[in-house]
Chemist: 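Below you'll find the structure I mean.
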Amino acid sequence: MAFKERVFSGVQPTGNLHLGNYLGAIVKFVALQERYDCIYCVVDLHAITVPINVWGGPDVLRQSTREVTAAFIASGIDPKKHIVFNQSQVSGHAELAWVFNCVARMGWLSRMTQFKEKAGKDRENASVGLFAYPSLMAADILLYRATHVPVGEDQKQHLELCRDIAQKFNNDFGDSIRARGFGDVFFPLTEPLIQGPATRVMSLRDGTKKMSKSDASDYSRINLTDDADTIAQKIRKAKTDPEPLPSEEAGLEPRPEADNLVGIYAALADKPKAEVLREFGGGQFSAFKSALVDISVAKLGPVGAEMKRLVQDPAYIDSVLADGADRAHAIASETINAVKDIVGFIRH
Ligand code: ATP
Ligand code: MG
């Protein structure tokens, strides 16, 4: 069966949105709007998989959900042409996740590096939700039978798991799928879209660690709401090495911090890294950093300002989410009804 092409992706309402989220995900979301029908979700069910003192409690969750929605709109996502909503408003996510919890195997989920990293040493104390996170993520995607999912490199393993779950569901229920007239397969094998020079933006303090919301040092990341002075300070303090920039891409390989800054510049300028190096290769970091400050402020400044303006109007944001949820629900309920019939749950 040929599936209708559709894009789905999500961002958690936890902590500050940073340059990694922007370049690795949100910028891609914006670009894909031209070619596909897109569904962009603020994944609040995922947010509560970490301890409550980490996600911040009910007031912080509401605030962060509106902030991520504002970031989507401020970056250029059109919530009228496409769909923007928060996950918990469409019950199909949790319903399908339960079915997938029964399709996915403990062994598959035990291999997920995100769980290992986030659970840390005290695995006994991690929430069951954190362990089952990837099966909820598969449900998010497959609830809309999405064919393409733009994500950062860190989510590649979860996308592979999503395909494994789809395939096992298609196999386990093959007879029922055919008997119900859905063809040979019910769920698509979704393609991850992980492309460009900034699929894994690294910490500004340590080029071997992913830029992350949870890093204790605010100097490790550039937040979308940072003002121009803060952006400039963080880039000037970013870790580098004493060598001048190389002129060829191969020269970046053993130099993670240089590679990261060049990748960020390339993504912001929408140029390949090689072209950035043709311009700045052989020069000192100080000159390159000045140019990086300029382009960062020019690109992020208006997004941050628009985000701050939008969050002043929570009623507007909530109306966007409500409208998106209604339209998402219309698609989701078709899938859920079909899944119930395929699995054998009686419904009226
Ligand atoms: P957390 O640490 O809470 O998981 P996060 O920064 O990873 O937060 P998510 O909401 O989990 O944020 O991810 C949203 C999107 O941003 C995903 O597509 C993810 O792959 C992408 N992303 C996150 N960090 C980076 C990064 N450093 N570089 C590129 N993409 C990233
Ligand atoms: Mg993440």
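Remember, it's 1-based here, ligands and their atoms both numbered in the order they're listed. Fair warning: this is a prediction, and the values are worked out from it, not measured in the lab.
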Chemist: Give the residue and atom name of whichever protein heavy atom lies nearest to atom 20 (O) of ligand 1, and the separation in Å to one decimal.
Modeler: D154 OD1, 2.5 Å
Chemist: Give a yes or no on whether a salt bridge exists between R62 and D59, defined as a side-chain N under 4.0 angstrom from a carboxylate O.
Modeler: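 Between D59 and R62 there is a salt bridge, with a charged N closer than 4.0 Å to a carboxylate O.
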Chemist: What do you reckon, does V151 have a nitrogen or oxygen under 3.5 Å from a nitrogen or oxygen of ligand 1?
Modeler: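 In fact, backbone or side chain, V151 has no N or O that close.
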Chemist: Numbering the atoms of ligand 1 from 1, which are under 4.0 Å from a heavy atom of T199?
Modeler: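 Taking each heavy atom of T199 in turn, ligand 1 has 28 (N), 29 (C), 30 (N) under 4.0 Å.
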Chemist: How far does CZ of R105 sit from CG of L161, to the nearest 0.5 angstrom?
Modeler: 11.5 Å
Chemist: Can you tell me how the ring of F187 sits relative to the ring of F100, calling it parallel under 30°, perpendicular over 60° and tilted otherwise?
Modeler: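 Taking F100 first and then F187, their aromatic rings stand perpendicular (interplane angle over 60°).
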Chemist: Run K210 and E153 through salt bridge (charged side-chain N to carboxylate O under 4.0 Å, His left out) and show every step you take.
Modeler: CA-CA 10 Å; K210 164 175 119 70; E153 222 264 331; over 6 Å; no
Chemist: List ligand 1 atoms under 4.0 Å from Q155, heavy atoms only on the residue side.
Modeler: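 Answer for ligand 1: 20 (O).
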Chemist: What orientation do F280 and F288 show, parallel under 30°, tilted 30 to 60°, or perpendicular over 60°?
Modeler: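 Perpendicular.
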Chemist: Considering only non-hydrogen protein atoms, determine which one is nearest to atom 27 (N) of ligand 1 and report residue, atom name and distance to 0.1 Å.
Modeler: V201 O, 2.7 Å
Chemist: Return the residue, atom name and 0.1 Å-rounded distance of the protein heavy atom closest to atom 1 (P) of ligand 1.
Modeler: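 The closest heavy atom on the protein side is K118 NZ, 3.4 Å.
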Chemist: Could you label the plane-to-plane angle of the F72 and F29 rings as parallel, tilted or perpendicular, counting under 30° as parallel and over 60° as perpendicular?
Modeler: perpendicular
Chemist: Which bit of T14 gets closer than 4.0 Å to ligand 1, counting heavy atoms only: side chain, backbone, both or neither?
Modeler: side chain
Chemist: Do Q157 and T113 meet the criterion of a side-chain donor-acceptor pair at a distance under 3.5 Å?
Modeler: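 Result is yes, a qualifying pair exists.
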Chemist: Looking just at side-chain N and O atoms, do T65 and N86 make a donor-acceptor pair shorter than 3.5 Å?
Modeler: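 Result is no, nothing qualifies.
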Chemist: Should the proximity of L23 to ligand 1, defined as any heavy atom under 4.0 Å, be assigned to the side chain, the backbone, both, or neither?
Modeler: neither
Chemist: Please classify the N21 to ligand 1 contact at 4.0 Å (heavy-atom distances, strictly less than): side chain, backbone, both or neither.
Modeler: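 Answer for N21: both.
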Chemist: Would M202 count as a contact of ligand 1 if the rule is a heavy atom under 4.0 Å away?
Modeler: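 Per 4.0 Å heavy-atom rule, M202 does not contact ligand 1.
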Chemist: With atoms numbered from 1 as shown, which atoms in ligand 1 lie under 4.0 angstrom from a non-hydrogen atom of G24?
Modeler: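 Those of ligand 1 that fall under 4.0 Å from G24 are 29 (C), 30 (N).
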Chemist: Ring-plane angle category for F173 and F169, please: parallel below 30°, perpendicular beyond 60°, tilted otherwise.
Modeler: tilted
Chemist: Does ligand 1 come near enough to P150 that some N or O of the ligand is less than 3.5 Å from an N or O of the residue?
Modeler: no
Chemist: Please answer: with hydrophobic residues joined when any side-chain heavy atoms are less than 4.5 Å apart, are L193 and L23 in the same cluster?
Modeler: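 Same cluster: L193 reaches L23 through Ile, Leu, Val, Met, Phe, Trp or Tyr contacts under 4.5 Å.
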Chemist: Could you walk me through whether N260 and E257 satisfy the side chain to side chain donor-acceptor pair (under 3.5 Å) test, starting with their C-alpha distance in whole Å, then the side-chain angles of each, then the deciding distance to 0.1 Å, before giving a yes or no?
Modeler: CA-CA 5 Å; N260 189 38; E257 284 84 14; over 6 Å; no
Chemist: So which heavy atom in the protein is nearest atom 31 (C) of ligand 1, and how far is it from that ligand atom?
Modeler: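 So the nearest neighbour among protein heavy atoms is G20 O, 3.5 Å.
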Chemist: Do any nitrogen or oxygen atoms of V11 lie less than 3.5 angstrom from nitrogen or oxygen atoms of ligand 1?
Modeler: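 N/O-N/O distance under 3.5 Å: no.
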Chemist: Taking the minimum heavy-atom distance to atom 5 (P) of ligand 1, which of E153, E117, K210 ranks first?
Modeler: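 The residue whose heavy atom sits nearest atom 5 (P) of ligand 1 is K210.
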Chemist: For T230 and D227, does a side-chain donor sit closer than 3.5 Å to a side-chain acceptor?
Modeler: yes
Chemist: Flag G152 as yes when one of its N or O atoms lies below 3.5 Å from any N or O atom of ligand 1, and as no otherwise.
Modeler: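 Yes - when backbone and side-chain N and O of G152 are compared with those of ligand 1, one distance drops under 3.5 Å.
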Chemist: Under 4.0 Å from a heavy atom of A25: give me the atoms of ligand 1 that qualify, with their elements.
Modeler: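 Those qualifying, in numeric order: 15 (C), 16 (O), 18 (O).
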Chemist: May I ask which of R200, K213, H158 has a heavy atom nearer to atom 12 (O) of ligand 1 than the others do?
Modeler: K213
Chemist: Look only at interatomic distance and state if Q12 has a nitrogen or oxygen under 3.5 Å from any nitrogen or oxygen of ligand 1.
Modeler: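 Looking only at distances, the answer is yes, because the N/O contact criterion of under 3.5 Å is met.
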Chemist: With under 30° as parallel and over 60° as perpendicular, where do the rings of Y144 and H93 fit, or are they tilted in between?
Modeler: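 Aromatic pair Y144/H93 classed tilted.
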Chemist: If we only consider heavy atoms of H18, is any one of them less than 4.0 Å away from an atom in ligand 1?
Modeler: yes
Chemist: Do any nitrogen or oxygen atoms of S9 come within less than 3.5 Å of a nitrogen or oxygen of ligand 1?
Modeler: no
